[in-house]
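In this text, all values refer to a predicted model and were calculated from it rather than measured experimentally.
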2 protein chains.
Amino acid sequence: MYSQAEENYLKGIYALEEKSRQNISTNTLAERMRTKASSVTDMLKKLSLKELVTYKKYQGVKLTDLGKKVALKVVRKHRLWEYFLVKNLNYSWHEVHEIAEQLEHIKSETLTDKLETFLKHPKFDPHGDPIPDKDGKIMLIKTVNLLKLKVGQKGVLDSLKDSSDVFLKYLNKKNLALRDRIKVIDIEPFDNSIHIETKTHQLVISKKVAANLNIKL
Amino acid sequence: MYSQAEENYLKGIYALEEKSRQNISTNTLAERMRTKASSVTDMLKKLSLKELVTYKKYQGVKLTDLGKKVALKVVRKHRLWEYFLVKNLNYSWHEVHEIAEQLEHIKSETLTDKLETFLKHPKFDPHGDPIPDKDGKIMLIKTVNLLKLKVGQKGVLDSLKDSSDVFLKYLNKKNLALRDRIKVIDIEPFDNSIHIETKTHQLVISKKVAANLNIKL
DNA sequence: ATATATTTTTAGACTTATCTAAAATAATAG
DNA sequence: CTATTATTTTAGATAAGTCTAAAAATATAT
Ligand SMILES: [Mn+2]
Ligand SMILES: [Mn+2]
Ligand SMILES: [Mn+2]
Ligand SMILES: [Mn+2]
């Protein structure tokens with residue numbers, strides 16, 4: 001069907017579209033794919049020919065309906081495998097991304113749905129991201145950036161903006177986990193650092209950290 | 001580490017060495033890999049450079065210790081994944097080979113052992129083939145071809161010589177499964193077809209079928 | 001509006017894995 | 001032992017995906 005490289009590009013474009021809803025520029029995509037702009041141009045031509053993206057020279061790129069469908073399938077597989085790795089194989093949430101990055105490309109008509117059944121239809125992956133269903137429908141949870149909370153406000157840590165290894169390890173170290181109830185104790189005007197409290201402890205986090213925490217009120 | 005193609009070739013050579021213990025010829029390997037002899041020659045040069053095989057022009061090929069170690073790792077992964085697919089995802093034994101053929105190439109230092117732990121250290125895959133351990137040690141079960149049994153002799157169906165899709169489906173249809181106790185009722189001298197009996201039923205199998213059934217006495 | 005800087009595309013090269021056709025070597029048969 | 005056949009290797013092409021360097025297009029600044 002589609003090559004591993006094609007699937008990765010589609011997923012990359014999808015992720016960027018989620019943030020910006022404008023056409024994605026060649027350079028932006030190149031950075032995300034950790035490749036060169038010239039390689040991106042080549043690939044966009046190929047994806048365009050296969051009707052997976054809308055692409056006109058110098059105009060950036062956008063997924064077609066077909067492209068989005070394929071991207072969501074890959075995202076679904078990625079997140080189901082991540083769930084499996086954490087839940088059944090006892091991996092920690094910061095170890096699974098790289099492996100899921102490979103598993104998401106396994107070709108089979110039946111595997112994904114069988115895996116989902118085995119996992120009992122999880123709705124979210126280990127990083128709090130929603131798992132698209134069989135038809136590509138994806139749940140949107142309304143969350144707000146921790147930065148937006150005022151002193152005294154409470155909420156639940158729902159998901160992360162950045163699920164990179166270093167950030168996940170930081171959260172591990174600070175004993176912060178998804179579903180933790182968080183209360184804002186104080187906000188330091190000087191550097192916007194935030195003093196927060198969970199059920200078990202208190203700590204101060206930087207503005208940068210707070211920006212990566214999505215809170216459900 | 002090693003590419004998917006390289007791993008597949010190593011596995012192919014390993015499988016052929018199990019049968020013949022002589023150097024494997026280019027054509028034999030080409031047929032097994034469903035590719036052309038010229039492609040095989042190219043790959044053998046590459047594998048030789050990486051010290052995975054011993055190869056001299058026109059002399060055929062043989063795995064080095066390193067090559068065998070790599071091959072056994074791939075076999076281990078293949079069979080563990082097959083076990084997972086049948087045991088946990090509810091696949092039938094004839095459906096899993098193609099998927100495991102892909103899963104066996106997932107790169108991770110930890111995945112295989114974690115999977116094995118999750119599966120509770122199975123010793124055999126769904127086709128009765130032994131699963132190599134962490135160190136590449138592989139269990140050898142002494143079996144005998146069903147063709148070798150005399151009338152009246154009994155044994156247990158242990159594994160298969162040919163685990164191809166068509167053959168597995170044939171066994172499904174005839175209600176023959178691994179671990180079935182089998183007794184030879186009669187052997188027809190004309191075409192060497194064999195009349196056998198299991199706990200639940202009787203049937204006649206051809207010489208060709210019998211040749212693919214490994215029996216533990 | 002024109003010069004400069006930035007972004008994007010093109011041109012050409014490289015790697016991996018494959019193929020076909022031709023050449024070289026080895027095996028076999030008379 | 002030589003001629004024929006079969007096997008194996010080489011030569012040259014192709015496709016996917018990547019890269020660097022140069023050219024082209026677009027954006028920005030004076
Ligand atoms: Mn991937
Ligand atoms: Mn995730
Ligand atoms: Mn394989
Ligand atoms: Mn098997």
Side-chain angles (χ1 to χ4, degrees), chain A residues 1-13 16-17 19-20 22-63 67 70-71 74 101-102 104-107, chain B residues 1-14 16-17 19-20 22-63 67 70-71 74 98 101-102 104-107:
Chain A
M1 207 62 211
Y2 302 111
S3 76
Q4 204 154 314
E6 287 169 339
E7 289 186 347
N8 283 335
Y9 271 94
L10 292 174
K11 196 157 63 96
I13 299 167
L16 292 170
E17 282 186 355
K19 308 270 143 187
S20 77
Q22 296 176 50
N23 277 15
I24 306 304
S25 80
T26 302
N27 264 355
T28 308
L29 186 52
E31 188 176 7
R32 166 139 200 135
M33 305 304 293
R34 297 159 175 286
T35 184
K36 296 300 148 84
S38 57
S39 306
V40 170
T41 301
D42 284 349
M43 180 55 90
L44 292 184
K45 286 177 186 167
K46 220 185 316 177
L47 294 177
S48 183
L49 243 123
K50 298 192 181 184
E51 318 239 278
L52 293 162
V53 303
T54 305
Y55 167 66
K56 279 211 246 36
K57 271 193 195 182
Y58 297 102
Q59 305 299 140
V61 71
K62 187 172 137 38
L63 292 175
V70 175
V74 181
E101 202 57 46
Q102 301 171 63
E104 71 190 3
H105 303 293
I106 302 291
K107 256 75 183 169
Chain B
M1 207 64 212
Y2 302 111
S3 75
Q4 204 154 314
E6 288 168 339
E7 288 185 347
N8 282 335
Y9 271 94
L10 292 174
K11 195 157 62 98
I13 299 167
Y14 173 78
L16 292 170
E17 282 186 356
K19 307 271 142 185
S20 76
Q22 298 177 48
N23 277 16
I24 306 306
S25 80
T26 302
N27 264 355
T28 308
L29 186 52
E31 188 176 7
R32 165 137 200 137
M33 304 303 295
R34 299 160 175 285
T35 184
K36 297 298 148 86
S38 57
S39 306
V40 170
T41 302
D42 284 349
M43 180 56 90
L44 292 185
K45 286 177 186 168
K46 219 184 319 175
L47 294 177
S48 184
L49 243 123
K50 298 193 180 183
E51 319 238 275
L52 293 161
V53 303
T54 305
Y55 166 67
K56 280 209 246 45
K57 273 193 194 182
Y58 297 103
Q59 306 299 139
V61 71
K62 187 172 136 35
L63 292 176
V70 175
V74 182
E98 202 192 345
E101 202 56 46
Q102 302 172 62
E104 72 190 1
H105 303 294
I106 301 291
K107 257 76 183 166

Query raised in the report: Taking DNA chain C as the partner, which of residues 24-40 of chain A come within under 4.0 angstrom of it by heavy atom?
Result: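 The stretch gives S25(A), T26(A), N27(A), A37(A), S38(A) as the residues lying under 4.0 Å from the strand, ordered by number.
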Can you check the [X] [atom1] to [N] [atom2] distance for me, whole Å?
X	N	atom1	atom2	answer
N8(B)	dT18(C)	CG	C1'	14 Å
Q4(B)	dT18(C)	CD	P	10 Å
M43(A)	dT18(D)	CE	C1'	10 Å
K50(A)	dA16(D)	NZ	C1'	10 Å
D42(A)	dA11(C)	CG	C1'	10 Å
K45(B)	dT16(C)	NZ	C1'	15 Å
Y9(A)	dT18(D)	OH	C1'	8 Å

Between the protein and nucleotides 25-27 of chain C, are there any N/O to N/O pairs under 3.5 Å, and if so, what are the atom names and distances?
from, atom 1, to, atom 2, distance (Å)
dT25(C), O4', Y58(B), OH, 3.3

With a 4.5 Å heavy-atom cut-off, do [X] and [Y] have their side chains touching?
X	Y	value
V40(A)	Y9(A)	yes
L29(B)	L44(B)	yes
M33(B)	M43(B)	no

Please find the pair of heavy atoms, one from [X] and one from [Y], that lie closest to each other, and give the distance.
X	Y	answer
Y14(B)	A71(B)	CB-CB, 3.8 Å
E17(A)	V61(A)	OE2-O, 4.4 Å
K107(A)	Y2(A)	NZ-O, 2.8 Å

Requested in this report: Verify the neighbour count for atom NZ of K56(A): are there more than 12 heavy atoms of other residues, nucleotides or ligands below 6.0 Å?
Outcome: no
**Report entry** OP1 or OP2 of dA16(D) under 4.0 Å from side-chain N/O of Y2(A)
**Finding:**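 Indeed not, no polar side-chain atom of Y2(A) lies that close.
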Query raised in the report: So, the side chain of Q4(A) versus the backbone of H105(A): is there a donor-acceptor pair under 3.5 Å, distance only?
Result: no
**Report entry** Intermediate values then yes/no, side-chain contact (heavy atoms from CB on, under 4.5 Å), K57(B) and T41(B)
**Finding:** CA-CA 9 Å; K57(B) 273 193 194 182; T41(B) 302; over 6 Å; no
